[in-house]
Amino acid sequence: MIDLKDLRENPGKYREGCRKKGMAVDIDRLLALDEQRRTLATQRDNLRAEQGKVEKEIGPQIGRLAGSIKKAEGAERAKLEAELEALKARPASFKTQVQELETRLQGLEPELHSLLLTVPLPPDADVPVGTSSDDNVEIRRWNPGADKGPCGCAFDTSKSYEQNRGFRPKNHIDLVRDLGLADFERGVKMAGTRSYVLTGDGMLLHQAVLKYAFDFMTLRNGFKAMSVPVLVREEAMVGTGFFPAGREQAYHIPESGGTALQSGAGTSTGQETGATQDKYLTGTGEVGLMALHMGEILREEDLPLKYTTVSTCFRREAGAAGKDTAGLYRIHQFDKVEQVVICRADEAESRAWHKKMIGYVEELLQSLGLAYRLLQCCTGDLGVKNADMIDVESWMPGRGEVLKDGSTTGAYGETHSASRLYDYQCRRLNMRYRAGGEGGKGATTFCHSLNNTVLASPRVLIPILEMWQNQDGSVTVPPVLRPYMGGKERIG
RNA sequence: GGUGAGGUGGCAGAGCGGUUGAAUGCGCCGGACUUGAAAUCCGGUAGGGGCUCCGGUUCCUCGGGGGUUCGAAUCCCCCCCUCACCGCCA
């Protein structure tokens, strides 16, 4: 959520932000509603202030009168009672006016709030303007040298796989079938399209790479290891910024026996408290990690908070029909190690963390011998909540164009996404800290938050299997994973 | 699934119709005492919105919404959430 006060003062900034992100939000309408609300609220407050004064004044009088009435008799009593009624009538006249203003105010509120939730965080000035992922800008690429590369050789993505390795590669779909690492048919039988079963060494490799990545972040880089719910209330989804925009992307579990709301159904009032007992399956561990301190005032000296979780992620992949339907690339359920940083509201600090979090991933991918590149996402690819986003794409030899001879060119495929959100998310989550150091008396300030994939599997198995395959059809286990595979060096 | 209890400031926890945005304790901040610290004592310490001559001023908030009342944290209704016990069970 953006700062309404800032919107009021710098509407141009947000109009520009919408334009750059290619999102249509009626800023003028929002400003008009805000203006109306403030006018009405001021009127109401003034009336209430007067009413309060009157009440304070007549309160004791009423008390005294009531006392006298008890003792009084006959005409005297009637007179006092009339007096009492007259007194009571004074504040009553305010009441109807206040109530009328109140009604009008409440009429504005739902639209105002839901509009406010849809205003995107403006992208940073240094983010290239563009309309889709096609306009993303490559920052740099990394190719493994002989020391890091698969099977002890260097790998250069500007050459064909055959030129690099001396044989035509299989794609991961063939590899998992031939090596018995996954079973798509049975996955689909029980769970429908985009489902799979990992079998034998496939599952072992999946677990190995997840555990390796998890240990890398927690044991080696000091992030706190966490296990968080993946089944959460709407509050957590709205707070972390996934709702309302991404509602159709999430699985909805109606717990109260009601009918499941699909995308767009009903108007989201954006209420901060859960309205039902319904739950949603999270598409990323980020939700659980960020919602953890929802509504809290943190201590500045406890920042930054650095968390890592590994969790199963659920995505409906609505709107992706027909895209990447085969294999382990785009699936409804997968596991992901996620990293999150919650830090002070300081742009320099949050930028520094962004770099650092990307650095972890680079180190991790390099240790796995996977070629990758960094992409600066353009404004059109950012989504509502990000000011800046860097994607990491790993080289997947089995992707890309199919040539005449049946081989593929290879292509980069997204495996990571590092977001910088300023206070957008923490504002929604109402997550603050008290500025001013030790036990500070300073103002409460919304924290900044960042998140980045550490590693998502089984998607990452695609580059691992394809890069580390051998001519004989076996796959070498990357050395760093062997301790997690009982020392196993080869699959197949 | 059944029954019961309860949601109050950073935390714990009183208040159950009368000015209470709220006792008390802890925590935190400032001060006194002390060579320093601890202990002790004194004082301060909720969040948010509006307006502002930036000194203030005013409104809202005791889970949320509505109602009763001159007046509600306190009474009534609806909703949300949490906890406990029993049953079932990984």
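A, B, ... follow the sequence lines: proteins, then strands. Residue 1 opens every chain. Hydrogens, waters and symmetry mates play no part in the numbers below; they use all other heavy atoms, side chains included. These figures come from a predicted structure and were not determined experimentally.
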- Item | Flag for A:Lys385-A:Ser419: side-chain donor and acceptor within less than 3.5 Å |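 A:Ser419 vs A:Lys385: no donor-acceptor pair found between side chains.
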
- Report yes or no: do A:Asp215 and A:Tyr484 form a side-chain donor-acceptor pair below 3.5 Å?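 Yes.
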
- Query: When you match A:Arg299 and A:Asn46 each to their closest nucleotide on RNA chain B, which lands nearer the 5' end?
  - Reply: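 The 5'-side residue here is A:Arg299.
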
- Item | Matching residue for A:Tyr251 among A:Gln333, A:Arg316, A:Arg315, A:His332 - test: side chain to side chain donor-acceptor pair (under 3.5 Å) |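 The side chain to side chain donor-acceptor pair (under 3.5 Å) with A:Tyr251 is passed solely by A:His332 among A:Gln333, A:Arg316, A:Arg315, A:His332.
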
Is the distance from OP1 or OP2 of [N] to the nearest side-chain N or O of [X] less than 4.0 Å?
X: A:Arg432; N: B:G48; answer: yes
X: A:Arg233; N: B:U82; answer: yes
X: A:Arg48; N: B:U58; answer: no
X: A:Thr444; N: B:G48; answer: yes

- Pick base, sugar-phosphate or nothing for A:Ala41, based on heavy-atom distances below 4.0 Å to the nucleic acid.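 Counting heavy atoms under 4.0 Å across all strands, no contact is made by A:Ala41.
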
- Which part of the nucleic acid, if any, lies within contact of A:Arg37, taking any heavy atom under 4.0 Å across all strands shown: a base, the sugar-phosphate backbone alone, or nothing?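 The residue A:Arg37 makes no contact with any strand.
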
- Scan for side chain to side chain donor-acceptor pair (under 3.5 Å) pairs involving residues 220-232 of chain A, sequence neighbours excluded, and state none if there are none.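 Those involving residues 220-232 of chain A are A:Arg220-A:Glu363.
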
- Task: Could you tell me which nucleotide pairs with B:G27 by Watson-Crick or G-U wobble geometry, both distances under 3.5 Å, or answer none if nothing does?
- Result: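 Here B:G27 is engaged in a pair, and the nucleotide opposite it is B:U45.
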
